[in-house]
Amino acid sequence: MLDGRGRLVLAVDLRRYSHQPYRGQRDAQNRLRRLVGYVLRRCGLSTVRVQRQEQGDGQLVIFPAWADDTAIAPALILGLRDGLYHLNLFPGASGRIRMRAALAQSPVWRSANGYIGEGIVDVSRLVDSAEVRTALETTDRSDLALAVTSQIHRGIALLRPPGLSLAEFQRTEVAIPAKEYRTEAWLHVPDSGPAPDTREGGVRWGESAARRAMNGYALPTIAILPLAIAARQVATRNKVEEWALTDHRGRQHPAADAHDSFDEPRDHGQRDHHDGHHHDGHPHLVGHGHHSDHVEPSGTWTFEWHHHRWGHAHGSGHEPGNHHGL
């Protein structure tokens with residue numbers, strides 16, 4: 001539940017999304033989701049730790065209040081640049097992905113129709129402003145036009161993160177008379193190119209998120225153990241029924257067709273004998289050290305019934321007629 005504490009807010013919007021056919025729009029949405037997921041991993045977060053409002057060709061992302069904004073902002077900006085570079089190495093049905101983005105910080109609340117707060121208004125106005133649109137349209141060397149508020153820019157200036165130069169930010173005045181909105185912002189339009197995560201154990205584009213999933217959910221071992229035990233108990237309930245054909249000398253015949261030649265086992269009146277040892281009446285498998293103590297007349301066949309459960313194997317050397325319960 002959003003409680004009005006200060007949070008980092010990101011808005012992204014894809015360029016020329018409405019000009020795409022349906023197949024291209026679907027591809028663009030899938031790639032945008034992949035990009036945002038990568039950026040969050042660069043920030044040390046998972047998708048379950050943020051509030052998101054999807055808007056087809058864009059997304060609004062609200063970060064946790066406890067997140068370190070001074071560290072997240074640089075990782076977020078570099079993650080957007082790096083992710084767009086890798087996405088466009090192999091364009092899909094939507095072609096080259098280019099986007100506008102805005103970053104702000106303020107208290108945020110949840111309302112009946114979305115989120116409210118000064119930061120929500122800022123990123124919404126900035127990402128759709130003429131200044132940000134023009135910055136992206138007037139250059140073909142970049143896939144990203146990002147506007148950050150003065151507050152975010154001051155934090156980056158104090159931190160001076162590696163890989164992000166203050167010279168790449170340009171101060172501008174954003175004015176939207178129709179919305180009675182005016183503010184100071186800093187534009188960042190980096191050249192398209194890789195921006196790898198240089199930290200120890202840094203996140204790489206294309207790596208599986210499964211390895212970092214436990215960091216996102218943080219389930220304690222004591223919560224996982226009962227689930228593992230329950231899964232084991234369910235697995236051991238699965239029965240395997242097998243039956244084999246033997247002659248009166250107790251020898252097993254490796255006739256594979258015997259398994260496919262009979263729909264129902266026929267015990268020639270020896271059912272009572274086996275029921276004495278197997279109360280559930282399942283077939284007894286010959287060849288696991290068990291032998292029949294009943295001799296059939298020559299030329300007749302005996303089916304010995306046996307069942308066992310997954311995970312339980314029979315050893316050899318059982319005494320004749322001594323069938324161990326399973």
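For the numbers below, each heavy atom of this structure counts, side chains included, while hydrogens, waters and symmetry mates do not. One is the number of the first residue; the rest follow in order along the sequence.
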If I take atom [atom1] from residue [X] and atom [atom2] from residue [Y], how far apart are they, to the nearest 0.5 angstrom?
X	Y	atom1	atom2	value
Thr138	Leu136	OG1	CG	8.0 Å
Leu103	His188	CG	NE2	11.0 Å
Ile120	Arg125	CD1	CZ	11.5 Å
Glu118	Thr183	CD	OG1	8.0 Å
Ile62	Leu8	CD1	CG	10.5 Å
Asp13	Gln59	CG	CD	11.0 Å

Do [X] and [Y] pair up side chain to side chain, a donor and an acceptor below 3.5 Å, judged on atom types alone?
X	Y	result
Ser192	Asp143	yes
Arg110	Gln51	yes
Ser94	Arg31	yes

Item to check | Check: Trp109 ring centre within less than 6.0 Å of Tyr115 ring centre | outcome: no
Checklist entry - Parallel under 30°, tilted from 30 to 60°, perpendicular over 60°: which one fits the rings of Tyr38 and Trp205? => result perpendicular
Checklist entry - In terms of ring plane angle, is the pair His153 and Phe169 parallel, tilted or perpendicular, where the classes change at 30° and 60°? => result perpendicular
For residues [X] and [Y]: do they belong to one hydrophobic cluster (side chain heavy atoms under 4.5 Å, members Ile, Leu, Val, Met, Phe, Trp, Tyr)?
X	Y	answer
Val174	Ile152	no
Leu166	Leu159	no
Leu87	Val39	yes
Leu80	Leu164	yes
Leu10	Leu45	yes

Closest heavy-atom pair and its distance - [X], [Y]:
X	Y	answer
Leu187	Glu131	CD1-O, 4.2 Å
Gly119	Val9	O-CG1, 4.3 Å
Val203	Arg41	CG2-O, 3.4 Å
Trp66	Arg49	CZ2-NH1, 3.9 Å
Ala101	Leu144	CB-CD1, 4.0 Å
Ala102	Leu146	N-CD1, 3.8 Å

Could you tell me whether [X] and [Y] have a side-chain N and a carboxylate O separated by less than 4.0 Å?
X	Y	value
Arg182	Glu173	no
Asp140	Arg96	yes
Asp27	Arg23	no

More than 12 non-hydrogen atoms from neighbouring residues, nucleotides or ligands closer than 6.0 Å to [atom1] on [X], yes or no?
X	atom1	answer
Arg160	CZ	no
Gln170	CD	no
Glu184	CD	yes

Next on the checklist: Looking at Val127, is its backbone amide N or carbonyl O close enough to the side chain of Arg100 to form a donor-acceptor pair, meaning the two atoms are under 3.5 Å apart?
Outcome noted: yes
Checklist entry - Do side-chain atoms of Asn30 reach the backbone of Arg26 as a donor and acceptor pair under 3.5 angstrom? => result yes
Checklist entry - Restricting to pairs with a member in residues 76-93, which pass salt bridge (charged side-chain N to carboxylate O under 4.0 Å, His left out), not counting sequence neighbours? => result Arg42-Asp82
Item to check | Pairwise side-chain contact, Arg171 with Trp186, heavy-atom cut-off 4.5 Å (strictly under) | outcome: yes
Item to check | Test log, rule side-chain contact (heavy atoms from CB on, under 4.5 Å), inputs Leu14 and Ile97 | outcome: CA-CA 7 Å; Leu14 297 181; Ile97 294 290; 3.9 Å; yes
Checklist entry - For Val108 and Ile116, what are the C-alpha separation, side-chain angles and deciding distance, and is it a side-chain contact (heavy atoms from CB on, under 4.5 Å)? => result CA-CA 6 Å; Val108 177; Ile116 57 176; over 6 Å; no
Next on the checklist: Assess the residue pair Arg15 and Glu137 against the criterion (side-chain contact (heavy atoms from CB on, under 4.5 Å)); give the C-alpha distance rounded to whole Å, side-chain angles, the decisive distance to 0.1 Å, and a yes or no.
Outcome noted: CA-CA 9 Å; Arg15 174 184 178 271; Glu137 295 297 333; 2.7 Å; yes
Checklist entry - Please walk me through it: do Leu76 and Leu40 pass side-chain contact (heavy atoms from CB on, under 4.5 Å)? => result CA-CA 7 Å; Leu76 189 156; Leu40 291 178; over 6 Å; no
